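First up is the structure itself, then whatever we jot down about it.
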Amino acid sequence: MSTALPELVVPDRLLLGSGPSPVPERVLRALAQPTIGHLDPAFGALIEDTMERLRWTMVTRNRTTLAVSGTGSAGMETMVVNFVAPGERVVCGVNGLFGERMADELTRNGAIVERVDGEWGRAIELQRLIEALDGQTAALFVVHGETSTGVCQSLDGLAEACRERDALLLVDCVTSLAGQRIEIDAAGVDVAFSGTQKCLNCPPGLAPFTASARAVERLFARSEPCRSWYFDLRAILAYWREDVEGAPPRVYHHTAPINMVYALREALGLVLEEGLEQRWARHQRAHEALREALATLGLERLAPDGEALWSLLAVRVPEGIDEAAVRRRLLLEHGIEISSGVGPLAGRVWRIGVMGAGAAVEPQRRLVQGLAELMGGDAGEAVARLEAGWR
Ligand SMILES: *Cc1c(COP(=O)(O)O)cnc(C)c1O
């Protein structure tokens, strides 16, 4: 039989949810370049370049800065299996879905988890995190940008408190990287991971990852092998880093997702071309303009002033609005995706991505118009507010 199967048809979508975010043409073109071998020196050069671009984007000089194969959660797992040993005490901030996920991940890996719970929709008070640390604490984990609530966790003073107790500071910056100011070295973060499909505007599939020299030293001092074969950072480094002591360059561990590396490199190029300061400022502006516009429709931001994550705007859905129905019509009739609330916020909020290419007036105008129409609001006024915010 040689019957041709129907061609793949993907609907036209504007991705303004919690991720994935819109992927620019340039990134898609990079992804479609011919696949070459993972041990080809030409690919080695692309890897070096990608690591350098990642260092620049994460504002770090860490040699151990690479992309783990897998989505953001693969970065989380790499962090835990390499930097937390079973039986170690870890303080874990939990004020949303991703803090919960980390607490789960840590528990499954045998850590003794000291949770510092916070309200979903608020940052955790720094003092509470610091007070939970003691001489036995191996690490403190926090989510910098909590995508389930649109809250940004301040890291002020956490690194100093960790260092005093010889603990590592571990951070999830999946949704904040390249959208909200985060400077890994200046903040004293020891290990951080991100994802490609949030503010970097890549398809999902890689987890940018960085670890400080102090953390890597500890890792190499461990005698027991990593519990995960796939996420064993020592083995991954022997491929990604050419300078690991005693190792020949680029030892095969698993096949790198070649084309995703092309895409990430290109996406990081877009960040470089724009400039980090400019990019952070654009996300703030986009967030504030959209917040003003949506307020005219009765949609108020969940996060209080001073705690908002620019790359994700979570708004309360007013009483009497069938949030699921509006979201569904927005997707099917307008081709625009936004996200529902999760956990205790299910049915109560919409989560709107303000990520990279989505943090722009054009896509936001479409969203505001669509929502105004579906909610029976004044589209003209909402759009005028949006445009005023961008002027
Ligand atoms: C999306 C996200 C993750 C998980 O990433 P996946 O790519 O879905 O595995 C982890 N943490 C935060 C804050 C996220 O937004």
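As the structure is a prediction and not an experimental result, all values here were calculated from the model. Numbering of ligands and ligand atoms starts at 1, following listing order.
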The atoms of ligand 1 lying under 4.0 Å from a heavy atom of G145, numbered in the order shown, are 13 (C)
Of all the heavy-atom pairs spanning V116 and I124, show the shortest one and how long it is.
O-CD1, 3.6 Å
Does H334 form a side chain to side chain contact (heavy atoms under 4.5 Å, CB included) with R329? I'd like the steps, not just the answer.
CA-CA 7 Å; H334 297 259; R329 289 187 63 193; 5.7 Å; no
Calculate, to the nearest 0.5 Å, the distance between atoms CD1 and CZ belonging to I352 and R301 respectively.
12.5 Å
Here the atoms of ligand 1 under 4.0 Å from any heavy atom belonging to R101 are 4 (C)
Establish, yes or no, whether a centroid distance under 6.0 Å links the rings of W229 and H253.
yes
Mind telling me whether H287 and W310 have parallel, tilted or perpendicular rings, with 30° and 60° as the class edges?
perpendicular
Taking N or O atoms only and a 3.5 Å limit, does F98 qualify as a polar contact for ligand 1?
no
For a 4.5 angstrom cut-off between non-hydrogen side-chain atoms, does R218 reach R214?
yes
Shortest protein heavy-atom distance from atom 11 (N) of ligand 1, along with the residue and atom involved
D172 OD2, 2.6 Å
Here's one to test your reading of the geometry: is the NZ or CZ of K198 within 45 degrees of the ring axis of F98 and under 6.0 Å from its centre?
yes
Would you mind checking which non-hydrogen protein atom is closest to atom 4 (C) of ligand 1, with the distance to 0.1 Å?
S73 OG, 3.5 Å
Pairs under 3.5 angstrom only: tabulate donor-acceptor contacts from the side chains of residues 28-36 to other protein residues two or more places apart or in another chain.
unit_1: T35; atom_1: OG1; unit_2: N259; atom_2: OD1; d: 2.8

Between T175 and ligand 1, is there a nitrogen or oxygen pair with a distance under 3.5 Å?
yes
For the 3.5 Å polar cut-off, considering only N or O atoms, please tell me whether T147 and ligand 1 meet it.
yes
Atoms of ligand 1 close to T71 [distance to a heavy atom under 4.0 angstrom, numbered from 1]
6 (P), 7 (O), 9 (O)
Heavy-atom distances under 4.0 Å are what count here, so tell me which part of Q197 touches ligand 1: side chain, backbone, both or neither.
side chain
How far is atom 2 (C) of ligand 1 from the closest protein heavy atom, and which atom is that?
K198 NZ, 2.6 Å
State the atoms of ligand 1, each with its element, that fall below the 4.0 Å cut-off from a heavy-atom position in G72.
5 (O), 6 (P), 7 (O), 9 (O)
